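Reviewing the structure listed below.
In what follows, every chain begins at residue 1, and chains take the letters A, B, ... in the order their sequences are listed. Since the model is a prediction, treat every value here as computed from it, not as a measurement.
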Amino acid sequence: MAGQIIALASLKGGCGKSTLALNLAAGLARSGSVGLVDSDPQGALRHWADWAESAGGEGLPQVLAGGADPVAVIVEAARRHRYVVVDCPPSLDRVVTRRVLRRVDRVLIPVLPSPLDLWACAETVAAVREAREHNPGLRAWLLINQAEPSSALSRAMSRALSSLDVPTLSCAVRRRAAFRTAALEGVSVYQLGARGREAAREIDQVIEEVNRT
Amino acid sequence: MSKLEDKLTASIKPGQRKAPAGKPEAPAAAAPVPVAKASVKAVVLDTAALPHPDRVWPD
């Protein structure tokens, strides 16, 4: 049986796709093997993996370069792993993102609590709608990333996002230093111990909600 | 809903918002095309200029 494929997609860069992809992959790896496909030409995940190796880090999921044909890499990874997590390219490469969305089972659209991200994620929602014409089983969620609970704008985002065609996960991922620290140390938040506990708990909540709904 | 929520929601393009339940999203309303009104002019019949009704017309 082919593994479950989860993509992180947004037509806007800088919304935390790669960080979420790596940490979600690390969280999923606790219940099965994970292939992490880096289809972002910026190659942040491959760099993260290389950095982890040079720093002597262990335990990161296997990172596979999407290369010129990320869909073929995803299909192959799904044969070998229980889960496949795909980091999609940002806006510069919409064609690749659209091709990936036609092949995956689930997609998470990270959105930062800002109007610019709100408008950009509305474009991504339109891309999901298009992809469903070819992939009717595609399930999608918006995920508020880098939330700041004390900010009125962060709190107002949920309501604004509810006017879009894709549901928003009830859990959010807060803006936390642990995510940046983990990258610097070449690990996921799960390997930071007490420093990453709250961040790891949030990633667990995302995994639990995506699997439950 | 707070003013901030209202403002954020209103900032999304209408075509990108979720359609109301059971109804597809209505496209943005097109600007009305001005239509020239048919003009009706009142015509006043000048009865004084008409021939007298008792006038006998030559054969």
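Side-chain contact, Asp105(A) with Tyr83(A): no donor N or O sits under 3.5 Å from an acceptor N or O. Using modelled atom types, one finds no donor on one side chain facing an acceptor on the other under 3.5 Å when comparing Thr168(A) with Trp141(A).
When heavy atoms are compared at a cutoff of 4.5 Å, Leu153(A) approaches chain B by way of both its backbone and its side chain. Interface remark: Leu164(A) contributes backbone and side-chain atoms alike to the contact with chain B (heavy atom separation under 4.5 Å). With a threshold of 4.5 angstrom between heavy atoms, Ser162(A) approaches chain B through N, CA, C or O but not through any side-chain atom. There is no contact between Ala126(A) and chain B, counting heavy-atom distances below 4.5 Å.
When all heavy atoms of Val210(A) and Leu169(A) are compared, the pair lying nearest together is CG2-CD1, 4.1 Å.
Side-chain atoms of Arg155(A) come within 3.5 Å of backbone N or O of Pro149(A) as a donor-acceptor pair.
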